[in-house]
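So the structure is just underneath, and the comments pick up after that.
Quick note on labels: first sequence line is chain A, next is B, and so on, each numbered from 1.
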Amino acid sequence: MSDASLHDARLSACPACDAAPLAQRIAEKTGPADLILSLPTIHCATCISDVERALTAHPGVRHARVNLTLRRALIDAPGLAAQDLIPVVEAVGYEAHELDPAALAASTSDRQGRDILMRIGVSGFAMMNIMILSVAVWSGAEHATRDLFHLISGAIALPTVAFAGQPFFASAWRALRAGRLGMDVPISLALLLASAISVYETLHSGQHAYFDAAVMLCFFLLVGRYLDYRTRAVARSAAEELTALEVPRAFRLTQGADEVVPVAELLPGDLIRIRPGARVPADGEIAVGESEIDRGLLTGESLPVAVRPGIALSTGEVNLTGPLVLRVTAAGRDSSLARLAALVAAAESARGRYTSLAERASRLYSPAVHLLALSSFLGWFWASGDLRHAVNIAAAVLIITCPCALGLAVPAVITAASGRLFRRGMLIKDGTALERLAEVDTVVFDKTGTLTQGLPQLVSLDPLPEAWRPMALGLAQASSHPLAQALARALGDAGVLPAAVAEIAERPGLGIEGRFAHRRLRLGRAEWSGGEDGATARSASWFRLGAGAPVRLEFTDRLRPGAEECVAAIRESGRRVLLLSGDRASVVADIAARLGIEEWQAGMRPEDKAARVEDLSQGVSRVLMVGDGLNDTAALSMAHVSISPASALDAARVASDIVMLGSGLGPVSEALELSRKARRRIKENFAISIVYNIVAVPFAIAGFATPLMAALAMSLSSVSVTLNALRLR
Amino acid sequence: MEILAILIPVSLGLGALGLGAFLWALRGRQFEDPKGDAERILSKDWDDRPRP
C-alpha cells in the first residue's frame with residue numbers, strides 16, 4: 001500500500017504543467033476522432049437509448065455508446081467536432097458538455113484495475129478448487145488419497161501464487177532494494193515459505209500442506225488492494241473530468257477573421273478577443289475596449305474593477321461587461337497561473353508526507369512478525385533439533401499472522417466512507433485525506449466563492465418606487481453585469497413584469513442606459529447616475545429615471561446554501577473557525593457577523609493567508625482550509641487538509657485534497673463527522689485483527705496449528721473486518 | 001474410491017470453465033459500466049435482434 005500512495009502523490013503534483021504539451025499532441029493527432037461528451041443528467045435506461053439513438057442517427061457518427069457509470073458518451077465520428085454533436089444531445093433533452101480527451105487519458109486506460117481483477121479471479125477460482133480438496137483432507141482422507149489431493153492442490157496453487165502474487169513480490173522487492181520492510185515483505189515471505197514447505201511435505205507424504213492458505217492469502221489481500229485502487233480511480237476520474245470540462249481555447253485575431261486556437265499555442269504579442277462573460281486565457285495588456293472585470297478568484301475582492309486600454313490583466317480573471325482585445329504578454333508556462341501552479345507544487349513538497357495509520361501499523365507489524373517467526377524457528381530447532389519441524393512451525397506462524405485483516409482494515413473503511421461522501425457530493429482525491437480530516441481542530445474559510453457564492457444579492461427592494469420597477473427590470477435584464485442581474489432576479493422574484501425599454505446601451509465601466517416614454521433611464525455607478533456613495537460596507541448601484549432623484553440599491557454577497565448550518569455545526573463540535581479574506585474589512589465583517597464567526601481578517605494577500613495558516617499549523621492546531629481562489633492556493637497546500645468547491649479555479653482544485661461537487665456547504669461538516677467515525681472504524685479493525693492474532697499465534701508457536709485453523713482464522717478475521725467497515729455506509 | 005478418477009477432473013474442469021468465462025467477460029470489457037448494463041436490460045431496444 002505504501003508504494004500505491006507514493007504513486008498517488010506524484011499524480012497530484014501539477015496536472016496543469018502536463019496539460020500544455022498534451023494539448024499540442026492532441027492537436028497534431030489525425031485520424032479517427034474519438035469524442036467524449038459528459039452527460040451529467042442521464043440516469044436511466046430511457047436516457048441511454050434516447051441519447052444513443054439520437055447520436056447514431058446523426059450523419060457522420062459511426063458508433064456511439066453511453067457509459068452510465070461514468071455518465072459519458074463515447075463517440076466515434078471522424079470529421080465531426082463536439083460542437084456539432086452537443087446540440088443533437090440537447091435536442092432530445094439532456095445536458096451535454098465537451099470533455100477534453102487529453103485530460104482523460106489516464107482513466108480510459110485503467111489497465112491496472114483490470115489487471116488486479118484478473119488476478120483476483122484466478123486466485124478466487126483456484127482457492128475454491130483447492131478448498132474442495134482440502135475439506136476432504138481435513139475430514140480424514142489418509143495416505144495415498146491425501147497425498148494425491150495435496151499433489152493436485154499443489155499443481156493448482158503453485159502457478160496461481162506465481163501469477164496472482166506478482167504485485168506483492170514486485171513491491172516487496174522494491175521495498176527490500178530501498179532498504180525498507182514494507183507490508184509486502186512478510187506477505188511475500190509467507191507465500192514463498194508456505195508454498196515451499198507444502199511442496200516438501202507433499203513429496204514426503206507429510207500431514208499438513210498450506211496450499212489453500214497461500215492462495216487464500218493472495219485472494220483476500222488482492223481484494224483489499226482492489227478496493228484501494230477503486231477508491232482512488234473513481235476520485236481521479238471525476239477530478240479529471242472537472243479539469244477536462246474546461247477545454248482551454250482562445251479567440252486569436254488574425255487578418256480579417258477570428259480564429260479559435262488552443263491556449264497552449266498563444267504567443268506573446270498575439271491579439272486575442274475576450275467576450276463579456278469569458279475568462280481571461282493569458283496574461284496581457286488591454287489594447288482595445290473598456291469593461292469591468294471580476295478579480296474575485298485571484299484576489300477575493302467581491303466588487304468588479306473598471307478597466308481601460310493599457311491596464312494589465314492576468315489569467316483567470318473574468319471579463320464582465322464590454323468586449324476587450326488583449327495583447328498577450330505571457331502565455332502557457334510563463335503565465336501567472338502557471339507560475340502559481342509551480343508555487344503550489346513547491347508548497348506541497350514542503351508539506352511533507354503524512355504517515356497514514358496503515359503505514360504506522362505496518363511499521364510496527366513487519367519487524368514483530370519477522371522476529372516472532374524467526375524466534376519460533378530458532379526455539380524449536382534448539383529444543384528438538386528437527387529442522388523440518390522448525391521450518392514448519394515458522395511457516396505456520398507467518399501464515400497465521402499474515403495481515404489479511406490488516407490489509408483489508410483500511411481500504412474497506414476508506415471505500416465505504418468515500419462512497420458515502422461521494423453520494424453527498426464530496427470527492428476524496430487522496431486516500432489519507434479522511435484520516436487527516438479526522439484530526440482537524442481548526443477550520444479556515446475563504447469568503448468570496450466559498451462561504452458566499454460570489455453572486456450579489458439585493459438587500460431590499462424598498463428604496464425603488466413601485467412605479468419604477470418594471471422599467472428597472474427592463475433595463476437590468478439587458479445587462480450581464482452581476483449587479484444588474486441580481487436586481488433583475490430580485491424584481492423577477494417579486495413578480496414584476498418588465499417594461500419595454502428602448503435604445504438600451506451598455507457603457508462599460510459606468511453602467512447601462514435606455515429610454516422609456518421619452519425619459520432617460522440610467523443604472524450604474526454613483527457618479528454617473530448622479531448619486532453619491534459614502535464609505536459603506538456594501539456594494540451599491542444607482543437607478544435614475546429622467547431628471548428625478550437617483551435611488552440607491554444596496555447589494556450584499558449571497559451566502560452559499562448550508563453555510564450557516566455548516567459553520568454552526570463546526571463550532572458546536574468544538575472546533576475553532578476562522579475567516580480569512582482578501583476583500584475589504586467592512587464586507588468581511590458583515591459576513592462574519594451573519595455567520596457568527598468571531599475571528600476574521602480582511603485585506604489579506606495570498607502570502608498573508610499562507611503565512612497565517614502556517615502560523616496556526618506551527619502551534620498545536622491541525623488546520624482544514626476551505627477555499628476556491630488563486631489567492632487561496634498557497635494556503636490550501638500549506639494546510640493539514642484542504643477542501644475546494646468544484647467552481648474553484650483549476651489550480652485551487654489541484655492543491656486541495658477534497659473537491660466539493662454540490663453547491664451547498666453542508667457536506668463539509670458531515671465530512672468532518674464521518675472522518676472521525678471512519679478513523680474509529682479503522683482502529684476497531686486493527687483491534688479485531690490483533691485479537692485474532694493473539695488467540696491464534698500461541699497455537700502456531702506451540703506447534704498445534706493446522707491448515708484448517710489457518711484457513712478459519714484468515715477468513716473469519718477478513719470477513720469481520722469487512723462487515724465492520726460496511727457499518728459506515 | 002475409483003469414482004475420484006472421474007469426480008476430480010470434472011470438478012477441476014468446471015472450475016476452469018468458470019475461470020475461462022470470467023476472463024472472457026473481463027477481456028470483453030463487461031465490467032466497464034455495471035450501472036449502465038443493469039439499466040440496459042430494461043430497455044426494449046434490440047429485443048428482437050442483437051445490436052449490429
Applying side-chain contact (heavy atoms from CB on, under 4.5 Å), run through B/L4 and A/F149 and close with a yes or a no. CA-CA 10 Å; B/L4 283 179; A/F149 282 6; 4.0 Å; yes
Derivation of the side-chain contact (heavy atoms from CB on, under 4.5 Å) call for A/N129 and B/L14: CA-CA 9 Å; A/N129 276 301; B/L14 286 176; over 6 Å; no
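Counting heavy-atom pairs closer than 4.5 Å to chain B, the top residue among A/V66, A/T46, A/I132 is A/V66.
For chain B, no part of A/M128 is nearby; none of its heavy atoms comes within less than 4.5 Å. Of the two parts of A/I42, neither the backbone nor the side chain holds a non-hydrogen atom closer than 4.5 Å to a non-hydrogen atom of chain B. Proximity to chain B (any heavy atom under 4.5 Å) is restricted, for A/I48, to the side chain, taken from C-beta onward. Neither the backbone nor the side chain of B/I41 comes within contact range of chain A; no heavy atoms are under 4.5 Å apart.
Every side chain to side chain contact (heavy atoms under 4.5 Å, CB included) that A/H58 has, sequence neighbours left out, goes to A/V61, A/L80, A/L85, A/V88. Shown here are the salt bridge (charged side-chain N to carboxylate O under 4.0 Å, His left out) partners of A/R146, two or more places apart in sequence or in another chain: there are none.
The two residues B/L42 and A/A45 make their nearest non-hydrogen contact at CB-CB, 4.4 Å.
The backbone N or O of B/D33 sits nowhere less than 3.5 Å from a side-chain atom of A/N67 that would complete a donor-acceptor pair.
Put simply, the side chain of A/M118 reaches to within 4.5 Å of the side chain of B/R27, judged on heavy atoms.
A distance of 6.5 Å separates CG in B/L12 from CG in A/L133, rounded to the nearest 0.5 Å. How far CG of A/L117 is from CG of B/L26: 5.5 Å, rounded to the nearest 0.5 Å.
Remark: of the listed residues A/C47, A/C44, A/S49, A/C44 is the sole one forming a side-chain contact (heavy atoms from CB on, under 4.5 Å) with B/E39.
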